[in-house]
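Working notes, beginning with the structure itself.
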Amino acid sequence: MKKWFCVVSSFDNRGRATANIVDTKEAEEKPESTFTSTTRKDIYIDWFESEEAAKKYVEETRNA
């Protein structure tokens, strides 16, 4: 069983971006990533196979 790391990121209409690791899950297969769009922002839920990859994505998103 693998451990997966969930990152929620949001990008608002003003160009601001946020991201955080919010959950972990043990599963054989990668959980499905999702996307939601609202009138104010786009919200992404992405799953990563390693904590390092999740942290890298969070760092890159915050510095975008």
Side-chain angles (χ1 to χ4, degrees):
M1 192 128 344
K2 295 180 183 177
K3 187 172 186 178
W4 301 91
F5 296 83
C6 179
V7 174
V8 173
S9 55
S10 67
F11 302 86
D12 71 17
N13 293 341
R14 296 179 184 170
R16 293 181 288 189
T18 62
N20 289 294
I21 299 172
V22 297
D23 198 7
T24 61
K25 184 178 202 175
E26 289 197 17
E28 287 297 324
E29 295 184 20
K30 180 179 175 183
E32 186 175 342
S33 296
T34 60
F35 164 78
T36 303
S37 184
T38 68
T39 57
R40 294 184 181 177
K41 61 185 161 183
D42 295 333
I43 304 164
Y44 296 85
I45 299 174
D46 296 299
W47 292 89
F48 295 85
E49 190 170 350
S50 70
E51 186 174 13
E52 294 78 25
K55 285 181 178 179
K56 181 178 180 185
Y57 180 78
V58 168
E59 178 87 18
E60 289 172 354
T61 301
R62 288 181 178 175
N63 292 329

Which residues pass the ring pair (Phe, Tyr, Trp, His ring centres under 6.0 Å) test with Phe5, sequence neighbours left out?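 For Phe5, no residue satisfies ring pair (Phe, Tyr, Trp, His ring centres under 6.0 Å) once neighbours in sequence are set aside.
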Considering all heavy atoms of both residues, which atom of [X] and which atom of [Y] are nearest to each other, and what is their separation?
X: Ala17; Y: Thr61; result: CB-O, 3.7 Å
X: Asp42; Y: Ser37; result: OD1-OG, 2.8 Å
X: Trp4; Y: Ala27; result: NE1-O, 3.0 Å

Please list all pairs passing the side chain to side chain donor-acceptor pair (under 3.5 Å) test where one or both residues lie in residues 20-35, with sequence neighbours left out.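 Listed by first then second residue: Asn20-Arg62.
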Go through the structure and list residues passing salt bridge (charged side-chain N to carboxylate O under 4.0 Å, His left out) with Glu51, not counting sequence neighbours.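 In terms of salt bridge (charged side-chain N to carboxylate O under 4.0 Å, His left out), with neighbours along the sequence ignored, Glu51 is linked to Lys55.
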As an exercise, state the distance from CG of Asp46 to SG of Cys6, rounded to the nearest 0.5 Å.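 Rounded to the nearest 0.5 Å, the CG-SG separation comes to 8.0 Å.
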Any salt bridge (charged side-chain N to carboxylate O under 4.0 Å, His left out) pairs touching residues 4-21, not counting sequence neighbours?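 Every salt bridge (charged side-chain N to carboxylate O under 4.0 Å, His left out) pair that includes a residue of residues 4-21, provided the two are not neighbours, is Asp12-Arg16.
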Just jot down the side-chain contact (heavy atoms from CB on, under 4.5 Å) partners of Lys56, sequence neighbours excluded, or say none.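 Listed in chain order: Glu60.
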Other than Tyr44, which residues form its hydrophobic cluster under the rule that side-chain heavy atoms must be closer than 4.5 Å?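 Its cluster partners, ordered by chain and number, are Val7, Phe11, Ile21, Phe35, Phe48, Tyr57, Val58.
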